[in-house]
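The model shown is predicted, which means the values in this text are computed figures rather than measured ones. Chain letters run A, B, ... following the sequence lines, proteins first, then strands; residues in each count from 1.
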Number of protein chains: 2
Amino acid sequence: MTVIDSPPVEVPVCLELDRQRVRRPEGRERFTISEVVEYTGLSAHTLRWYERIGLMPHVDRSHTGQRRYTCRDLDWLDLVGRLRLTGMPVADMVRYAELVRQGEETFAERERLLSAHRDDVRRRIAELRSTLDVLDYKIDIYADARRASERA
Amino acid sequence: MTVIDSPPVEVPVCLELDRQRVRRPEGRERFTISEVVEYTGLSAHTLRWYERIGLMPHVDRSHTGQRRYTCRDLDWLDLVGRLRLTGMPVADMVRYAELVRQGEETFAERERLLSAHRDDVRRRIAELRSTLDVLDYKIDIYADARRASERA
DNA sequence: CACTTGCCTGGAGTGCACTCCAACTCTTTA
DNA sequence: TAAAGAGTTGGAGTGCACTCCAGGCAAGTG
């Protein structure tokens with residue numbers, strides 16, 4: 001509940017699905033886990049779990065051993081959040097995180113990985129679209145029936 | 001493996017994701033579970049499980065107790081497959097199946113249920129689109145780096 | 001008649017992505 | 001100084017959607 005209100009500098013936002021957009025406290029550089037919970041909409045459990053499975057770059061610690069997230073961490077979590085929303089398996093995200101850790105010589109493979117995912121997303125959009133047609137058709141039938149019974 | 005080849009009457013198809021489209025054996029009216037497996041791409045386990053949880057209208061049986069699916073069942077499985085592809089939870093599909101069983105007085109609620117799902121699908125399409133932008137951006141960066149190193 | 005194939009059942013197991021628990025430490029507030 | 005609150009850990013538990021297993025029955029083939 002310790003929400004830090006920074007002056008309205010810039011307004012980078014978190015894009016958690018339907019949640020109202022949460023302003024990132026800009027100007028600060030180290031965030032507690034609860035601040036990151038606030039910002040990302042993920043639970044603290046999940047944040048720690050992401051770290052355990054290697055989905056996070058090394059998260060800094062305070063002198064007492066508590067996590068202190070940086071802006072770069074928030075950027076990374078934004079990307080992870082998007083990949084997650086588009087259904088990329090956690091294992092693939094971990095793979096991508098590994099590639100990032102390995103440095104620039106993995107650019108080509110990162111490109112391949114993201115391209116494959118992009119194809120997947122495109123395919124899924126097409127799939128959703130075609131289902132939308134079926135839904136429209138069904139809903140129209142029910143709506144027609146309703147209107148008919150209302151007229152009766 | 002007992003695939004029934006019907007003469008090419010009409011060509012209604014099954015829309016299982018990337019699988020090649022399977023022609024429905026038209027002209028026949030009762031299908032074994034393995035034929036339905038072939039047609040839907042679902043496993044026999046899953047088909048039996050759908051029945052257990054109430055996601056299927058009553059499936060007919062042969063005199064020896066084996067399932068005999070009808071064309072109506074295949075139509076239903078087409079719809080279920082689409083709802084599934086668009087991420088409708090099985091519990092919601094079961095709810096819809098119940099409404100269908102209850103008859104015409106549930107038209108209004110069926111309309112509501114499908115409309116809600118349609119909204120969901122639309123929202124997800126928008127979400128996927130916006131992620132596509134991020135992916136394009138990232139992939140461009142990697143591609144540029146690759147081209148730069150190829151020139152070097 | 002043996003064998004293979006296809007299908008049946010209830011119930012247990014799997015994989016994924018979290019989600020929670022118990023027991024603890026550290027910091028802040030009354 | 002006592003109590004509340006935020007954070008720590010490893011490991012166990014949860015919910016979803018299958019997925020598989022053991023053991024058995026029925027029909028067709030050599």
(request) Measure from the side-chain N and O atoms of A:Ser43 to the backbone N and O of A:Thr46, and report whether any donor-acceptor pair falls under 3.5 Å. (result)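 Confirmed, A:Ser43 side chain pairs with A:Thr46 backbone.
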OP1 or OP2 of [N] versus the side-chain N and O atoms of [X]: is any pair under 4.0 Å?
X       : N      : answer
A:Thr32 : D:dA6  : no
B:Arg68 : C:dC7  : no
B:Arg84 : D:dA17 : no

(message) In the structure I gave you, are the side-chain heavy atoms of A:Leu113 and A:Met88 within less than 4.5 Å of one another anywhere?
(response)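 Side-chain contact under 4.5 Å: yes.
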(message) Are the side chains of A:Tyr50 and A:Leu42 in contact, using a 4.5 Å heavy-atom criterion?
(response)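 Result yes, sub-4.5 Å side-chain heavy-atom pair found.
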Nearest listed nucleotide, side chain of [X], among [options]:
X       : options               : result
B:Gln66 : D:dT19, D:dT8, C:dC7  : C:dC7
B:His45 : D:dG7, D:dC21, C:dC18 : D:dC21
A:Trp49 : D:dA17, C:dC7, C:dT19 : C:dT19

Distance check needed: [N] [atom2] versus [X] [atom1], whole Å only.
X       : N      : atom1 : atom2 : value
B:Met93 : D:dC18 : CE    : P     : 7 Å
A:Leu83 : C:dA17 : CG    : P     : 13 Å
B:Leu85 : D:dA17 : CG    : P     : 13 Å
B:Leu47 : C:dG6  : CG    : C1'   : 15 Å

(message) Return whichever of B:Arg48 or A:Ala44 has its heavy-atom-nearest nucleotide of DNA chain D closer to the 5' end.
(response)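 Closer to the 5' end of DNA chain D: A:Ala44.
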(request) Using a strict cut-off of less than 4.0 Å between a Lys/Arg side-chain nitrogen and an Asp/Glu carboxylate oxygen, indicate whether B:Glu98 and B:Arg95 qualify as a salt bridge. (result)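 Yes.
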(message) With a 4.0 Å cut-off on N to O distance, would you call A:Arg124 and A:Asp120 a salt bridge?
(response)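 So A:Arg124 pairs with A:Asp120 through a salt bridge.
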(message) I'd like to know if the side chain of B:Asp73 pairs up with that of B:Thr70 as donor and acceptor (distance under 3.5 Å, no hydrogens or angles considered).
(response)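 Looking only at side-chain atoms, B:Thr70 and B:Asp73 do form a donor-acceptor pair, the distance falling under 3.5 Å.
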(message) Between A:Val90 and B:Ile33, which residue's closest nucleotide on DNA chain C lies nearer the 5′ terminus?
(response)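 Its nearest nucleotide lies further toward 5', so the answer is B:Ile33.
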(message) Heavy atoms within less than 4.0 Å of DNA chain C: which residues of residues 50-64 of chain A have one? Give them sorted by number.
(response)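 Hits under 4.0 Å, by residue number: A:Tyr50, A:His63, A:Thr64.
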(request) Answer with base, sugar-phosphate or nothing: what part of the nucleic acid does A:Arg67 contact at a heavy-atom distance below 4.0 Å? (result)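 Since only primed, P, OP1 and OP2 atoms lie under 4.0 Å of A:Arg67, the category is sugar-phosphate.
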(message) Can you confirm whether A:Glu105 is buried at CD, in the sense that more than 12 heavy atoms of other residues, nucleotides or ligands lie under 6.0 Å from that atom?
(response)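 Counting other residues, nucleotides and ligands, CD of A:Glu105 exceeds 12 neighbours.
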